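In the text below, chain A, chain B and the rest are named by the order of the sequence lines, each starting its count at 1. Since the structure is predicted, the reported quantities are computational estimates derived from the model, not experimental observations.
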Amino acid sequence: MLDVQLLRKDLDNVAQRLQTRGFEFEVDRYSDLDEKRKVLQVETQELRNERNTGSKAIGQAKARGENVDTLLEKVNELGAVLKSKEQELSVVQERLQDLVTTVPNVPHHSVPIGKDETENTEIRKWGDKPSFDFAVTDHVDLGQRLGGMDFDAATHITGARFVVLQGELARLHRALTQFMLDLHTAEHGYEETYVPYLVNPDSLFGTGQLPKFADDQFVTRDEGWFLIPTAEVPVTNLVRDQIVEAEDLPIKRVAHTPCFRREAGSYGKDTRGMIRQHQFEKVELVQIVHPEHSYEALEELTGHAETVLQRLRLHYRVVSLCTGDLGFSSAKTYDLEVWVPSQNQYREISSCSNFEGFQARRMRARFRQSGSKSNEPVHTLNGSGLAVGRTLVAVMENYQQQDGSIVVPEVLVPYMRNKTVLGIEQ
RNA sequence: GGAGAGGUGGCAGAGUGGUCGAAUGCGGCGGUCUUGAAAACCGUUGAUCCUAGCGGAUCCGGGGGUUCGAAUCCCUCCCUCUCCGCCA
């Protein structure tokens with residue numbers, strides 16, 4: 001949710017910046033509603049004040065044993081007017097709420113202007129593309145040959161966009177998860193956290209998936225709970241409706257969870273393999289920080305995600321999403337894109353965002369600062385560190401050998417019972 | 001799933017129709033005393049919104065109702081706890 005103070009102060013500028021991400025803010029409709037709201041709110045407050053004093057007077061008069069008929073009559077009349085004003089006000093407030101909660105975040109000044117992903121800016125590259133002196137195989141064929149990746153079985157059990165992993169590949173998948181968790185807890189200062197994978201609508205609203213993106217979520221029939229599309233939702237909502245002490249910031253959490261996405265709008269996209277699934281594992285980094293430090297934190301957090309790829313010695317690049325490609329809640333996002341040899345292109349493997357106070361205002365997540373009377377919204381950030389399924393794909397393809405075996409990245413060897421190659425009997 | 005109890009400020013806990021945003025205790029903060037600390041004592045201490053300000057409004061789990069007036073009465077939903085059942 002945008003800062004209402006900012007909307008009042010700088011409406012045109014906000015609308016202009018929203019336009020750069022392709023969003024038309026209904027400026028006139030908003031000002032109109034807000035003007036009405038202001039008038040009605042003042043009116044109802046004054047009426048209530050009158051009624052309250054009147055009611056109080058009745059109580060006092062009764063206590064003295066006086067006749068209260070005329071007083072009663074007067075207050076009664078007030079009540080009717082008040083009721084109708086209150087109804088008007090609540091209609092206006094509801095409309096305002098509907099309008100404001102569907103407006104995306106304002107892009108940060110440093111975000112490149114552009115209409116879609118073709119205009120994202122490459123910030124830096126790490127490592128080199130691997131060269132192969134044989135024709136590369138994609139992870140689907142590699143996995144099938146190793147006998148560890150079975151899409152048909154998953155289709156049989158559930159449907160399209162699922163996979164069954166088994167044997168060495170299943171272990172490699174777990175090794176990646178373990179390695180990431182160890183790295184972020186031991187070296188980057190994150191606290192390991194396990195959270196519910198089903199959340200209520202308030203939590204999804206808090207991080208911005210509701211009300212606009214209900215169709216992207218899986219939902220339980222009887223309870224109306226949602227399967228989490230990312231750990232961002234339950235982990236960030238740890239501070240919903242909380243006032244944290246300034247000295248407790250930053251809060252840094254890492255969580256390993258499955259993620260569930262309906263992928264409703266992506267029919268025909270990435271239908272082959274593990275790139276786009278209804279269910280995948282992710283290690284997620286979340287930071288709750290003081291507003292003054294959120295952009296430093298974004299660089300730091302992005303670096304933490306990059307470290308995973310560097311330790312795995314996987315070639316990647318960092319891209320700054322342009323205004324038109326930003327997610328709904330984000331003010332600035334870096335995507336990490338890993339090299340996928342079979343596709344001869346970079347594919348997103350992590351997305352690191354600063355939401356500034358956008359989610360915090362939706363969640364009423366504030367911090368208390370000594371010397372300051374009012375409590376301010378915190379800033380929230382998150383990033384994948386990393387998407388495990390896609391990392392598995394990257395490792396398989398980048399570490400493949402001509403005979404279809406896969407070299408285990410050095411940092412994963414201890415997690416693989418010291419096995420150094422998968423697919424060849426040792 | 002069945003039976004019962006309950007949801008009040010950071011925490012504990014009083015409050016069953018009127019001056020209650022709410023006693024009291026603990027905790028927190030400031031002070032007195034002390035070389036310092038503890039103890040004791042004194043003071044202070046919820047959130048949100050409107051307003052340039054004075055000030056005002058709202059909030060006792062959520063929503064609705066009764067009433068001139070609701071923390072208090074009624075309806076409904078949610079949640080927590082205890083016992084029983086089931087269960088990794």
Side-chain angles (χ1 to χ4, degrees), chain A residues 1-11 30-31 33-101 194 196-206 210-211 219-226 234 237-249 251 258 357 360-378:
Chain A
M1 217 155 60
L2 298 181
D3 182 0
V4 285
Q5 306 296 338
L6 186 71
L7 282 180
R8 277 173 209 148
K9 237 178 26 213
D10 217 4
L11 187 56
Y30 175 80
S31 335
L33 281 169
D34 196 46
E35 196 47 49
K36 273 192 193 135
R37 192 221 86 234
K38 206 182 281 185
V39 172
L40 283 168
Q41 187 160 348
V42 171
E43 280 178 346
T44 49
Q45 282 191 9
E46 279 168 358
L47 282 167
R48 253 190 296 235
N49 188 9
E50 275 185 65
R51 187 210 57 195
N52 289 349
T53 5
S55 294
K56 221 169 242 185
I58 290 172
Q60 285 164 341
K62 268 191 166 172
R64 289 191 299 267
E66 296 169 6
N67 183 292
V68 293
D69 288 355
T70 47
L71 268 172
L72 260 177
E73 201 179 318
K74 239 173 80 183
V75 177
N76 237 333
E77 280 168 35
L78 268 176
V81 187
L82 176 61
K83 199 160 202 172
S84 82
K85 286 286 175 198
E86 276 176 338
Q87 269 161 4
E88 266 183 81
L89 177 63
S90 83
V91 168
V92 170
Q93 268 170 336
E94 211 170 291
R95 285 197 191 136
L96 259 180
Q97 184 74 359
D98 288 349
L99 199 151
V100 167
T101 56
Y194 277 88
Y197 305 149
L198 287 162
V199 296
N200 61 33
D202 286 348
S203 293
L204 272 180
F205 177 85
L210 287 183
V219 58
T220 67
R221 178 172 36 84
D222 291 339
E223 296 84 1
W225 292 335
F226 294 84
N237 272 277
L238 286 169
V239 291
R240 173 153 58 85
D241 289 313
Q242 304 290 316
I243 303 172
V244 300
E245 301 299 332
E247 59 262 31
D248 292 335
L249 299 174
I251 296 169
R361 281 185 293 273
R362 291 178 156 245
M363 292 189 299
R364 295 165 301 275
R366 297 142 290 166
F367 73 101
R368 200 191 326 268
Q369 222 170 359
S370 58
S372 160
K373 256 187 280 170
S374 60
N375 301 315
E376 254 186 88
V378 293

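- A pairwise comparison of heavy atoms in Arg240(A) and Ser203(A) identifies NH2-OG, 2.8 Å as the closest pair.
- Checking A3(B) for Watson-Crick or G-U wobble geometry (two distances, each under 3.5 Å) identifies U82(B) as its partner.
- Taking all atoms of both residues into account, the shortest heavy-atom contact from Ala365(A) to Val239(A) is CB-O, 3.3 Å.
- Going from the P atom of A22(B) to that of C77(B) covers 33 Å, rounded to whole Å.
- Thr44(A) approaches Leu82(A) most closely through the heavy-atom pair O-CD1, 3.8 Å.
- The nucleotide A14(B) finds no pairing partner, because no Watson-Crick or G-U wobble arrangement with both distances shorter than 3.5 Å includes it.
- Phosphate contact (OP1/OP2 of U51(B), side-chain N/O of Lys38(A), threshold under 4.0 Å): present.
- Nucleotides U8(B) and G61(B) place their P atoms 6 Å apart, quoted to the nearest Å.
- A39(B) and C26(B): their P atoms are spaced 11 Å apart (whole Å).
- Nucleotide U72(B) forms a pair with no other nucleotide shown, judged by Watson-Crick or G-U wobble geometry with both contacts under 3.5 Å.
- Contact annotation: Arg8(A) side-chain N/O to C50(B) OP1/OP2 distance is under 4.0 Å.
- At a threshold of 4.0 angstrom between heavy atoms, the contacts of Arg366(A) are confined to the sugar-phosphate backbone, with no base atom among them.
- Salt-bridge formation is detected for the pair Arg48(A)/Glu86(A): a Lys NZ or Arg NE/NH1/NH2 atom is positioned less than 4.0 Å from an Asp or Glu carboxylate oxygen.
- At the heavy-atom level, Lys74(A) lies nowhere under 4.0 Å from the strands shown.
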Checklist entry - Between Lys56(A) and Asn52(A), does a side-chain contact (heavy atoms from CB on, under 4.5 Å) hold up when you go through it step by step? => result CA-CA 6 Å; Lys56(A) 221 169 242 185; Asn52(A) 289 349; over 6 Å; no
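- Asp34(A) and Ser31(A) form no side-chain donor-acceptor contact under 3.5 Å, judged by distance and modelled atom types alone.
- In terms of position along RNA chain B, the nucleotide closest to Gln5(A) lies nearer the 5' end than the nucleotide closest to the other residue of the pair Asn76(A) and Gln5(A).
- Listed nucleotides: C50(B), A47(B), G18(B). Nearest to the side chain of Ile243(A): A47(B).
- Between the P atoms of C59(B) and A70(B), the separation comes to 9 Å (whole Å).
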Tabulate atom names and distances for all N/O pairs under 3.5 angstrom spanning the protein and nucleotides 57-60 of chain B.
residue, atom, partner, partner atom, Å
A57(B), OP1, Asn49(A), OD1, 3.0

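- Rounded to a whole angstrom, the distance from the P atom of C86(B) to that of U80(B) is 22 Å.
- Taking the C1' atoms as reference points, A71(B) lies 31 Å from G2(B), given to the whole Å.
- A gap of 15 Å separates the C1' atoms of G63(B) and C79(B), to the nearest Å.
- Taking CZ of Arg368(A) as the start and CG of Asp248(A) as the end, the distance is 10.5 Å to the nearest 0.5 Å.
- Side-chain to base pairing of Lys56(A) with G69(B): no donor and acceptor N or O lie closer than 3.5 Å to each other.
- The distance from atom CG of Leu7(A) to atom P of C50(B) is 12 Å, rounded to the nearest whole Å.
- Spacing between atom CZ of Arg368(A) and atom P of U45(B) amounts to 14 Å, rounded to whole angstrom units.
- Residues satisfying the ring pair (Phe, Tyr, Trp, His ring centres under 6.0 Å) test with Phe205(A), not counting sequence neighbours, are none.
- Taking atom CD of residue Gln41(A) and atom C1' of nucleotide C50(B), one finds them 5 Å apart after rounding to whole Å.
- Across all strands shown, A47(B) forms a Watson-Crick or G-U wobble pair with U58(B), both key distances being under 3.5 Å.
- Partner assigned to U34(B) is none, using Watson-Crick or G-U wobble distances below 3.5 angstrom.
- Distance check on atom P: A23(B) versus A47(B) gives 15 Å, rounded to whole Å.
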